[in-house]
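Below: the structure, in structure tokens.
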Amino acid sequence: MIRLSASDEDLAHAAELLERGELVALPTETVYGLAADATNPQAVRRIFAAKGRPADHPLIVHLPDIASLSDWAGDIPDDARRLAAAFWPGPLTLILKKKVSVDDIVTGGQGTVGLRVPGHPVALKLLQRFGKGIAAPSANRFGHISPTTADHVINEFEDADTVAAVIDGGPCEVGVESTIVDCTGPVTRILRPGMIGVERLAMVLGTRPEIATEQEGPRASGRLASHYAPNTRLELVDPESFNRPDPQAAVLALASTRDPGGFKAWKTLPGDPVAYARELYAALRELDECGAERILVQRPPATTLWAAVRDRLERASK
Ligand code: TXA
Ligand code: MG
């Protein structure tokens, strides 16, 4: 895998690789994506092979602008138009009825397609240069932690010859995956919480969207009970459990929690959900490497601003 910069020359090279059907990892504001030409089924198939991802799990298609929506979506309800206008480019994916021209390999055989205009200048520049939709799941092995730096991507795929290049756009701003909103049913529903939370969606929609339960809604791998997981077992705990020393455990606590000593590693993250989310995956990767038998993560607050972080930690703990 070669490392490319965000220079015009390197982005031209990345666009050429995509045109040839190769896989290129690219930065977005949420996490790094593993990109292929969304109009080339053979290229898209390579994403599934590289990740070890089941073929019936649909991919998100990234677009350069809102105008491109109609190339992919067969029907664009008012709610979807409002959300796109309010939050794109940004960390929001809309599930819409697909156009017949959209290949089954992209949608996992479903009649709907996930679409988003990412809010990262490098991703946007590449999309504009490439001129077509780019299919990209998070650039990690299936079920593992999403990458938020180019080095994370290289660590995930270094033994593989399946990924041609990674574009280094620095660390991701948001740090957890986009909010996914399903606009295909009678009510608009959140399928995956993200940093655009229920309150902000409600302000734009004029009503509070529903939050889909585990059983409902189309398949979405990010909604599997176990996902986003480090290799080391992860447990969510209350801060009282830190009163008992555990030399085999690595701890991820909130910054306000005092280190009582007696742990293999002690790492803290900010008490603000936006800053916490930005650093979460890098922290989990770091603690995963420290040789602990378990990672104890302090349970974050039960408020809606923490919904995305709580969701990822709960899935990582199963
Ligand atoms: O922030 C993000 O969304 C990142 C960046 C790279 O854009 N991408 C990402 O992709 O997280 P991935 O594949 O790791 O997760 C996308 C989720 C999956 O859970 C997938 O099943 C769901 O989106 N999805 C895609 N198309 C869908 C559809 N038509 N219906 C329901 N869920 C869909
Ligand atoms: Mg993923």
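All ligand and atom numbering here is 1-based and tracks the order in the structure.
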### Message
Does atom CD (E22) have a neighbourhood of more than 12 heavy atoms from anything else shown, all under 6.0 Å?
### Response
yes
### For L59, the ligand 1 atoms whose distance to one of its heavy atoms is below 4.0 Å
25 (C), 26 (N)
## Note on the structure
Those residues at least two apart in sequence (or on a different chain) that pass side chain to side chain contact (heavy atoms under 4.5 Å, CB included) with K125 are D8, L11
### Distance filter under 4.0 Å to T30 heavy atoms, resulting ligand 1 atoms
1 (O), 2 (C), 4 (C), 5 (C)
### Query
Does S146 put an N, O or S atom under 2.8 Å from the Mg ion (ligand 2)?
no
### Query
In terms of atom number and element, which parts of ligand 1 are under 4.0 angstrom from non-hydrogen atoms of I180?
17 (C), 22 (C), 23 (O)
#### Entry: Atom indices of ligand 1, in the order listed, that fall short of 4.0 Å to a heavy atom of H62
5 (C), 6 (C), 7 (O)
### Task
Indicate yes or no for a side-chain donor-acceptor contact from T179 to the backbone of I196 under 3.5 Å, with no hydrogens or angles considered.
yes
## Note on the structure
atom 26 (N) of ligand 1: of P54, P58, P91, G111, the nearest heavy atom sits on P58
### Summary
So for R116 against ligand 1, with non-hydrogen atoms under 4.0 Å, the contacting part is side chain
### Message
Given K51, R53, H57, E29, identify the one with the heavy atom nearest to atom 13 (O) of ligand 1.
### Response
R53
### Query
Between the side chain of H62 and the main-chain N/O of I134, is any donor-acceptor distance below 3.5 Å?
yes
### Query
Numbering the atoms of ligand 1 from 1, which are under 4.0 Å from a heavy atom of S178?
1 (O), 2 (C), 3 (O)
### Query
Among all residues two or more places apart in sequence or in another chain, which pass the side chain to side chain contact (heavy atoms under 4.5 Å, CB included) test with E158?
I154, N155
## Note on the structure
So the atoms of ligand 1 within less than 4.0 Å of a heavy atom of V113 turn out to be 29 (N)
#### Entry: Which of the ligand 1 atoms, numbered from 1, are nearer than 4.0 Å to a heavy atom of P137
10 (O), 12 (P), 13 (O)
### Task
Run the ring-centre check on H57 versus F48 and record whether the distance is less than 6.0 Å.
no
### Query
Which bit of M195 is near ligand 1, meaning a heavy atom under 4.0 Å away: side chain, backbone, both or neither?
neither
### Query
For ligand 1, which atoms have a heavy atom of T112 less than 4.0 angstrom away?
28 (C), 29 (N), 30 (N)
